[in-house]
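Letters A, B, ... are given to chains in the order of the sequence lines, protein chains preceding strands, and every chain is numbered from 1. This structure is a prediction, so every number in the text was calculated from the model and none was measured.
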Amino acid sequence: MNAGSASTPDAVEPSPVPAAKLGIWWFLASEVMVFGGALVSFILLRLVGPGWSEDLAHNSVALGSINTLILITSSFTIVEVLSAQKRGDEKKFRSFMGITIVLGLLFLVIKGVEYSAHFSEGLFPDKGLFWAFYFGLTGLHALHVLAGIVANASLLVVVSRPGGFARYSHRAEMNGLYWHFVDVVWIFLFPLLYLG
Amino acid sequence: MFAWLPENVSTYGGDIDAIFKLIYYVVGVWFVATQVFLVYCLIRFRRRSGNQRSKYLPGNTASQAAWVLIPCALVLVLDLWIDFRGADVWAKVKLSRPTPNLIVRVTGKQFNWIVTYPGPDGKFGTADDKKIDNDLHVPVNQVVRVLLTGEDVIHSFYLPHLRLKQDVVPGREIPAWFEATKTGKYEIPCAELCGFGHSGMKGFLYVHSEADFKAWVRTQWPSAG
Amino acid sequence: MAAGEAHGPSNVIIWVYLVVLAILSVFVSSVFPAPADTIAVFALAIAKAVLVLLYFMHLRVEKIFIHSLFFIPLLLVVVLYVGLMPDIMRSMY
Amino acid sequence: MIRWQLAYPETEIPLFGRPIGPDEYNAFVTMHGTIMVFFVAMPLLVAAMGNFLIPLMIGARDMAFPRLNMMSVWVLAVASLVLLASFFVEAGPAAAGWTGYPPLSARIEYTGVEYGLDLWILALALEFASFLMGGINFLVTPINLRTRGMSLFRLPLIVWMIMGASILFLLSVGPLIAGAVFLLLDRNLGTSFFLAEGGGDPLLWQHLFWFFGHPEVYVILLPAAGAMMEIISTFSRKTIFGYKSIIYAVMIAGVLSFLVWAHHQFISGLDPRLAMPFSITTILISVPFAFIIFSMLATMWGGSIWLTTPMWFAVGGLSVFIFGGVTGIFNGSAPVDIYIHDTYFVVAHFHSTLFSTVFLGGFAALYYWYPKMFGRMMNEFWGKVHFWGTYIFFLLVFVPMHLLGVGGMMRRIADPSKYEFVKELLPMNEFITVAAIGLLLIQAPFVFNFLGSMFVGKKASENPWDATTLEWTTPSPPPHGNWPGAIPAVHRPPYEYAVPGVSEEWLPQSRPEGAAS
């Protein structure tokens, strides 16, 4: 911000919210609309459609529940990352971030196991509207998880550099907000695609 | 302006044209008024000398704001008037389902209108059904219900002379109706982009007098007499 | 957040709540009869989402401006749902 | 080329060497719509103006997230390349209309277009990503980086308009992104989200598309309208009439714009009971816009109007926008829409609204801020030639086009001579085509003026127009970091012209209270 030749920082009107946080919340607002639009489509077509309870039975509630617990736990660990950042605890910050990344990867692995089980049963996206939505919604969500893992991993890398903690660790809050949002999406996908 | 409208030959076409004219006159007055005002401002308040000072009108007192708010209120009232007049016509054309004297099914398919007549028994799916490509024969002064279905993509069933347009959507059967008031041969273009053959896709609507229509039915279903 | 942390329940407690609710929803869906289970499961899902939003995403201590950034889109989703409903449900055609 | 085909069907087009076929015609229509809306209007008006003006006008060194900004520019560049590439792949570019309605767009066999349409969707998706990043920047920057004294209600209106446009974009694009993902799956994985035979619903896409599509119109329109407001106030030498009320009016219009989307679908198989509610909200949206137009007229009333080229363009844009606005009432009225939907009336209407804002408003902005961007003035004489040519040829093109629509001519038909009732309109089509060629040619003085003035234009001072907003307090062109010294603090509202009791005719925002008189 202080790019000009002015030697003192420019005087700025006080702002209610820090820029990065405001930015991530605007981003989440548009993400709500992305998943909102997709879920609205799914719910309406489901209500009018044949019910799909047979298709639903192919999904393993056990694996879905495990994934739910994984994401919930990772939400908890990333909140601990933020607490560690507030306390200035560099070691805890790194270890909790590491756990979060591992949990995210574990989620994707289990998702992959489920996908391959479906493929081996011959269930592809073109096998009916339920599977189209199933793969569309979980695929979109998995991409978000992947993006979150990449963001978390790159934060972990820059924070581990010398002096990185002081400069970059405040970004943990943004990563956390995004990660929680992805968790919230899954909280709704799970009953819709596994239980409902 | 209205000379450009194709001749109206349906019972509700006049109502639609009436709304059209209503809006035309309402917005026409607004349009002329604002443009005249704009030109007047440009001429009257043009800067003639370097030291000409303008008025200071921030528009935050009630008397100043009234200059803008009163016309806005007027716009609001006229809007609602247009809407309520329009609602009746919309209900008549699209919501009401008058008892038909003839039911036909029209299927949109790249790039034809397939017209299915139920035949003398009045039922679809029986042996005397008849399919004719692109030709829709109807009697004059009779309510005709058209069941619109689509086979591939979205088409739009458009009868410019009857002021009727309805999209044809695959997966649903949409009823539309009309009552033609004049015999003749009219075109049925497709009004929704439906592929490379879109611009050639058209059928014909033949509105027959009662006697002619009976004669046409006899040529199509000779056995039914 | 530091202030919120000091007063509110700790993150571990929220995590325990979430886990309990998740297990409960699986249990409910397999035990309850047809319409009741869907309602119960979605009530539980909303409860979970609210917990995450309030405590993990700190909405509890955020300003009204941030709240609006989350709830206005939600409202729009509802608008979208209501607008689409008559069409997709084919109540007319 | 589109116009040529409509006037002289199936004849050879000059400079193109052969007549275009109907499938190519569809592709041209599609690409014209897509390129104009997404790759001309949005980058030019929202992105370029936003990036250049927001920091200058609020007194900031740069945008809030400069790296995000660069990324957005690069993603946009990639999106443009992807779209261009689609012209060269086998079976040509997308040909399903810029709205891309399925099932036409959802299966290859319906259009014969192969990867062109996939590339089209991909280009749109990338462009949306780019504007998501840009939009976040345009919102956070004015909220967080305003210089001292620049309270929210001292922001120039154009900054408000760009913020409004960004909010509308961020909140409306989501469902379409979801829809685009579904459409890609439909095309490539054989799913059937939008295909009735698989249990999907073609109307779903239309809802998702227009839920975005209508706010999108305002995304394009608002920044240009904001530029027109700046210019009209500056050259009327008069403070804007009802500054706060205009902001509120835009907010109302923004909220309403989320409740009108189905007016594009009155006859699309929509539940007919939905039509009247949507028709009412649509027509009601004319009230806030009428308010804005009346406020502009009131701003000019009693002014001391200085008729420079940017002022001519702004006033011309306002004039045409009124025209486009009133024709919107016809479309908004559900029963009239039964007849004029998908005719040239609609085409003429949205060209009137969008041309007036995107081109006339955009040109006004270019002529106005050109000195700030390049440090030199544009030639006034050629600017005025350009304005009058553009204005008159525009009217000659689009006023008769309404009559075509009244005559019932459908849009997106490659060959009007195939229909009896449209054939009668052929002379009118020829006339419009000639006028459209004139409209194109009259842009030549602009191109020469724009490029030439960079080298031979009169050197511009800091503030050639005696304007009050912050961007005119720094040298033209602005140095890196926007101000060579400290950023000026702001002491007053943005449009202080001819304030009573003050001897100066205009007071820049940075003038402290004490020094005023």
With chain D, which of [options] has the greatest number of heavy-atom pairs at distances under 4.5 Å?
options                                : result
B/Pro189, B/Gly28, B/Ser156            : B/Pro189
B/Leu57, B/Leu76, B/Val75              : B/Leu57
B/Cys41, B/Ala91, B/Ala176             : B/Cys41
B/Glu187, B/Glu192, B/Met201, B/Arg163 : B/Glu187
B/Ile154, B/Asn60, B/Val93, B/Val89    : B/Ile154
B/Arg85, B/Lys202, B/His161            : B/Lys202

For [Y], does its backbone N or O pair with a side-chain atom of [X] as donor and acceptor, under 3.5 Å?
X        : Y        : answer
D/Arg237 : D/Asp466 : yes
B/Trp113 : B/Asp135 : no
D/Lys238 : D/Thr299 : yes
B/Glu179 : B/Val143 : no

So which part of [X] gets closer than 4.5 Å to some heavy atom of chain D, the side chain, the backbone, both or neither?
X        : value
B/Tyr158 : side chain
B/Asp152 : both
B/Leu148 : neither
B/Val169 : side chain
B/Tyr40  : side chain
B/Cys194 : backbone
B/Ala65  : backbone

*Identify, with sequence neighbours excluded, every residue that meets side-chain contact (heavy atoms from CB on, under 4.5 Å) alongside B/Val140.*
B/Thr183, B/Val207
*Mind checking side-chain contact (heavy atoms from CB on, under 4.5 Å) for B/Leu162 and listing every partner two or more places apart, or none if nothing turns up?*
B/Val9, B/Ser10, B/Leu159, B/Phe178, B/Ala180, B/Leu205
Looking at [Y], I'd like to know if the NZ or CZ of [X] sits under 6.0 Å from its six-membered ring centre while staying within 45 degrees of the ring's axis.
X        : Y        : value
B/Arg145 : B/Trp177 : no
D/Lys244 : D/Phe153 : yes
B/Lys185 : B/Phe204 : yes

*Do the rings of B/Tyr206 and B/His137 sit parallel, tilted or perpendicular, given the 30° and 60° boundaries?*
parallel
*Relative to the ring of B/His208, is the ring of B/Phe213 parallel (under 30°), tilted (30 to 60°) or perpendicular (over 60°)?*
tilted
Highest number of heavy-atom pairs under 4.5 Å with chain B: which of [options]?
options                                : answer
D/Ser304, D/Pro500, D/Ala498           : D/Ser304
D/Ser279, D/Ser245, D/Pro493, D/Ser333 : D/Ser279
D/Thr239, D/Leu104, D/Val336           : D/Leu104
D/Leu403, D/Leu203, D/Val422           : D/Leu403
D/Ser236, D/Ser268, D/Pro288           : D/Ser268
D/Ser319, D/Gly325, D/Gly332           : D/Ser319

*State, to 0.1 Å, how close D/Met276 and B/Asp83 come at their nearest heavy-atom pair, and which atoms those are.*
CE-O, 3.4 Å
Heavy-atom cut-off 4.5 Å, strictly under: side chain, backbone, both or neither for [X] against chain B?
X        : value
D/Thr282 : neither
D/Phe235 : neither
D/Phe291 : both
D/Ile283 : both
D/Leu425 : side chain
D/Trp312 : side chain

*Do B/Arg172 and D/Asp201 meet the salt-bridge criterion of a basic N to acidic O distance under 4.0 Å?*
yes
*Is D/Asp342 salt-bridged to B/Lys165, going by a charged N under 4.0 Å from an acidic O?*
no
*Within a strict 4.5 Å, meaning less than it, do heavy atoms of the B/Leu74 and B/Ile70 side chains meet?*
no
